[in-house]
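Take a look at the structure set out below.
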Amino acid sequence: MKFEKPDKRNVFAQIFRNISDSGHGMGILFRESGTVKRLIPIEFFGGLLIGLAGKFVPLEFLILVVVLAILFTVEALNTAIEEVNDLVTLEVDERVRRSKDMASAAVAVWHLIYVVCVFGFLFCHLAGFPWWLAIIGG
């Protein structure tokens, strides 16, 4: 691919094109990713219900939203890696399998982080340990 000097005349058109491309990518992700369609909503609503029942503080909900945003991003990257690998070859190749497995492992790590956060926050509330006060020195 040859380097092309950026066209500075149509900056706003390029920005809107990038936004449009991103929206198209999100549409594909929401249509085709089972994790995004099923698992992330279950985690979101499960965490929300546990948080409401456990009387989570706003900081805890914010942390959960950030973890879910990272999870969504990692899932998008995982899907892109799988698509590119399938484009390169449909034959059985150990390197393709390994790269897909590693990308999938990254997604699994963030699912685990989310679940640990939800139940960690719940445990702290049930134990009466305000961890957020201990961190900020209260």
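Scope of the values below: all heavy atoms of this structure, side chains included, with no hydrogens, waters or symmetry mates.
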Nearest-0.5 Å distance that lies between atom [atom1] in [X] and atom [atom2] in [Y]:
X      : Y     : atom1 : atom2 : value
Ser99  : Asn78 : OG    : CG    : 9.5 Å
Glu43  : Leu48 : CD    : CG    : 13.5 Å
Ser22  : Met26 : OG    : CE    : 6.5 Å
Leu68  : Ile63 : CG    : CD1   : 12.5 Å
Ser104 : Arg97 : OG    : CZ    : 11.5 Å
His24  : Leu29 : NE2   : CG    : 12.0 Å

Could you go step by step and tell me if Thr79 and Glu32 meet the side chain to side chain donor-acceptor pair (under 3.5 Å) rule? CA-CA 9 Å; Thr79 302; Glu32 297 179 10; over 6 Å; no
What's the shortest heavy-atom distance between [X] and [Y], and which atoms?
X      : Y      : value
Gly128 : Pro130 : O-CD, 3.2 Å
Arg95  : Asp93  : N-OD1, 2.9 Å
His125 : Lys55  : CE1-O, 3.1 Å

Taking Ala69's backbone N and O only, do any of them form a donor-acceptor pair with Thr73's side chain (distance below 3.5 Å, no angle check)?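 Yes.
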Could you check Arg17 against Asp21 for salt bridge (Lys or Arg N to Asp or Glu O under 4.0 Å), going step by step and ending with a plain yes or no? CA-CA 6 Å; Arg17 175 69 182 173; Asp21 291 346; 3.5 Å; yes
Common cluster, [X]/[Y], ILVMFWY with side-chain heavy-atom separation under 4.5 Å:
X      : Y      : result
Val66  : Ile50  : yes
Val11  : Phe16  : yes
Leu71  : Leu77  : no
Phe119 : Val109 : yes
Trp110 : Phe30  : yes

For a side-chain contact (heavy atoms from CB on, under 4.5 Å) check, start with the C-alpha distance between Val118 and Leu64, then their side-chain angles and the critical distance, and finish with the verdict. CA-CA 7 Å; Val118 168; Leu64 294 178; 3.7 Å; yes
So, do [X] and [Y] sit near enough that their side-chain heavy atoms are less than 4.5 Å apart?
X     : Y      : result
Thr35 : Ile40  : yes
Phe61 : Leu52  : yes
Asp86 : Lys100 : yes

Given ring-ring contact (aromatic ring centres under 6.0 Å, His included), test Phe72 with Phe44 step by step and report yes or no. CA-CA 11 Å; Phe72 182 81; Phe44 172 76; over 10 Å; no
Only one of Phe123, Phe121, Trp131 passes ring-ring contact (aromatic ring centres under 6.0 Å, His included) with Phe56; say which it is.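 Checked Phe123, Phe121, Trp131 against Phe56; only one passes ring-ring contact (aromatic ring centres under 6.0 Å, His included): Phe121.
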Heavy atoms from other residues, nucleotides or ligands near CZ of Arg31 exceed 12 (cutoff 6.0 Å):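 Correct, the count exceeds 12.
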